Amino acid sequence: MHELVLSTGEPLNLYHTLSCGQAFRWAYDKSWWTGVVGDRVIRCRQDGCHLFYTGTTEAEILDYFAIDLDLPKILASIEKDRLIADAILRCRGLRILRQPADECLFSYILATCSNIPMIKRRIALLAACAGKEIVTPDGAYHAFPTAEAIAAMDEDCLRGCKLGYRAAYIKETAEIIAANPGWAGRIASLSTDEARDVLQEFRGIGPKAADCILLFAFARYDAFPVDVWIRRIMLRHYLHENEVRSFSPSEYDRIRHFARGYFGPYAGYAQEYLYCIRADEPSLPTCRGPSSADRRPVPR
DNA sequence: CTCCAGGAGAGGG
DNA sequence: CCCTCTCATGGA
């Protein structure tokens with residue numbers, strides 16, 4: 001059992017950090033979080049500024065949770081209005097992780113058009129099927145499969161993981177990654193915009209997944225992923241527009257560029273805090289239903 | 001049954 | 001640029 005004492009300048013909230021939907025391999029049970037990162041099973045528990053953990057080193061904890069970043073300064077820089085201020089108040093200590101690049105890439109190929117419990121289940125099945133077994137005193141776990149292991153999976157095994165149409169995408173990407181182990185280094189050397197374009201050359205990676213990967217694995221905090229929840233929040237609270245039916249690529253870019261200009265270079269942090277309070281938004285936006293009194297007419 | 005969920009690809013106007 | 005269809009899955 002190791003212990004890390006956080007200073008007041010290094011706020012961390014394990015709950016918000018590990019349950020906000022950026023990483024999919026953590027589970028909470030009886031005040032302990034257990035997760036698989038790389039080929040390690042990490043357990044951790046927080047008691048105020050005391051962080052207890054097993055299964056890894058202090059250096060890796062500091063890196064994974066990005067404890068070196070000045071979170072109060074980042075949060076101050078994005079606190080531009082009452083809505084984001086409220087999100088910061090309620091989710092303070094949420095930190096954007098530095099995830100292993102391969103895991104993050106594959107995870108967000110599998111994340112399209114799903115909810116978080118389904119994504120976690122999908123990845124757990126994939127790991128059980130093709131990931132290296134990790135035996136701990138508390139039970140056996142499976143590492144996230146390597147690109148080689150995914151590329152080698154047969155059709156039956158892939159189908160058993162319930163990946164749906166995503167199976168072909170992840171397999172094709174795994175073959176490319178396995179043949180190009182330096183892919184992450186190349187991405188890291190590019191500008192955010194260039195890296196974004198290169199990531200979208202993988203089949204199954206579009207604008208949203210590319211932004212998630214840049215934010216959660218490459219520390220590009222200016223990346224601003226726009227999913228259906230963030231779109232709803234941004235249109236309602238910032239752009240004052242009705243939600244029309246289709247979500248076009250140009251609308252994605254409009255939201256993304258507004259957010260980058262409004263929140264600044266840590267817009268990705270603002271995104272994650274807004275995502276964290278997404279359940280507060282009415283599920284039906286203003287434009288649905290003929291009885292919505294305050295909607296503006298939408299030209300068709 | 002319909003609708004939705006951390007979308008993306010393909011095709012057509 | 002725009003739109004629509006389709007992909008596969010499970011929960012509500």
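All values derive from a computational prediction rather than experimental measurement. Here is how names work: the chains are called A, B, and so on, in the same order as the sequence lines, proteins then strands, and each is numbered from 1.
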Euclidean distance, atom CZ of residue F247(A) to atom P of dG6(B) [Å, nearest integer] | 14 Å
Would you call E3(A)-R45(A) a salt bridge at under 4.0 Å N-O?
-> no
I205(A) CD1 to dG9(B) C1': how many Å, rounded?
-> 13 Å
Using the P atom as the reference point in each nucleotide, state the distance between dG6(B) and dC3(C) in Å, no decimals.
-> 24 Å
Validation row, ring centre F263(A) to ring centre Y238(A) under 6.0 Å = yes
In terms of the angle between their ring planes, are F52(A) and H50(A) parallel, tilted or perpendicular, with boundaries placed at 30° and 60°?
-> parallel
Closest heavy-atom contact between F65(A) and C44(A)?
-> CZ-SG, 4.5 Å
Could you tell me the separation between the CD1 atom of I116(A) and the C1' atom of dG7(B), rounded to a whole number of Å?
-> 15 Å
Examine dA5(B): is either OP1 or OP2 under 4.0 Å from a nitrogen or oxygen in the side chain of R232(A)? Give yes or no.
-> yes
Touch class at under 4.0 angstrom, heavy-atom based, for P117(A) against every strand present = nothing
Extract from the structure each pairing of a protein N or O with an N or O of nucleotides 10-13 of chain B at less than 3.5 Å, listing the distance.
residue: dA10(B); atom: OP1; partner: R203(A); partner atom: NH1; Å: 3.0

OH/Y28(A): more than 12 non-hydrogen atoms of other groups inside 6.0 Å = yes
So D86(A) and R82(A), salt bridge (charged side-chain N to carboxylate O under 4.0 Å, His left out) or not? Walk me through it.
-> CA-CA 6 Å; D86(A) 183 53; R82(A) 202 195 59 77; 5.2 Å; no
Could you give the OH-to-P distance, from Y252(A) to dG7(B), as a whole number of Å?
-> 10 Å
Taking both distances under 3.5 Å as the test for a Watson-Crick or G-U pair, what stems of at least three pairs does DNA chain B have?
-> B:2-5 with C:9-12, B:7-13 with C:1-7
Between dC3(C), dG6(B), dC1(C), which one does the side chain of S250(A) approach most closely?
-> dC1(C)
Is G204(A) touching bases, backbone alone, or none of the nucleic acid, heavy atoms closer than 4.0 Å?
-> sugar-phosphate
Which is true for A209(A) with a 4.0 Å heavy-atom rule: it touches a base, it touches only sugar-phosphate, or it touches nothing?
-> sugar-phosphate
Provide a list of protein-nucleic acid N or O atom pairs under 3.5 angstrom, restricted to nucleotides 7-12 of chain C.
residue: dA8(C); atom: O4'; partner: Y165(A); partner atom: N; Å: 3.2

With a 4.0 Å cut-off on heavy atoms, is E251(A) in touch with a base, just the backbone sugar-phosphate, or nothing at all?
-> nothing
Rounded to the nearest angstrom, tell me the gap between atom CZ in F106(A) and atom C1' in dG6(B).
-> 19 Å
R186(A) NZ/CZ over W183(A) ring centroid, <6.0 Å and within 45° of normal | no
Is K171(A) paired with D154(A) through a side-chain N to carboxylate O contact shorter than 4.0 Å?
-> no
More 5' along DNA chain B: I230(A) or Q200(A), using each one's nearest nucleotide?
-> I230(A)
Is F216(A) touching bases, backbone alone, or none of the nucleic acid, heavy atoms closer than 4.0 Å?
-> base
Flag if over 12 foreign heavy atoms under 6.0 Å of OH, Y275(A) | yes
Can you tell me, in whole Å, how much space there is between the P of dC5(C) and that of dT2(B)?
-> 15 Å
F24(A) ring center within less than 6.0 Å of Y108(A) ring center | yes
Does a salt bridge link K208(A) with D227(A), judged by any charged N lying under 4.0 Å from a carboxylate O?
-> no
W229(A) atom CH2 is separated from dC4(B) atom C1', nearest whole Å, by 9 Å
Would you say the side-chain atoms of Y169(A) pair up with the backbone N or O of I109(A), donor to acceptor, closer than 3.5 Å?
-> no
Please report, rounded to the nearest Å, how far the P atom of dG6(B) is from the CZ atom of F224(A).
-> 16 Å
Separation of SG atoms, C157(A) and C129(A), below 2.5 Å = yes
Rounded to whole Å, CD1 of I170(A) lies from C1' of dG7(B) at a distance of 15 Å
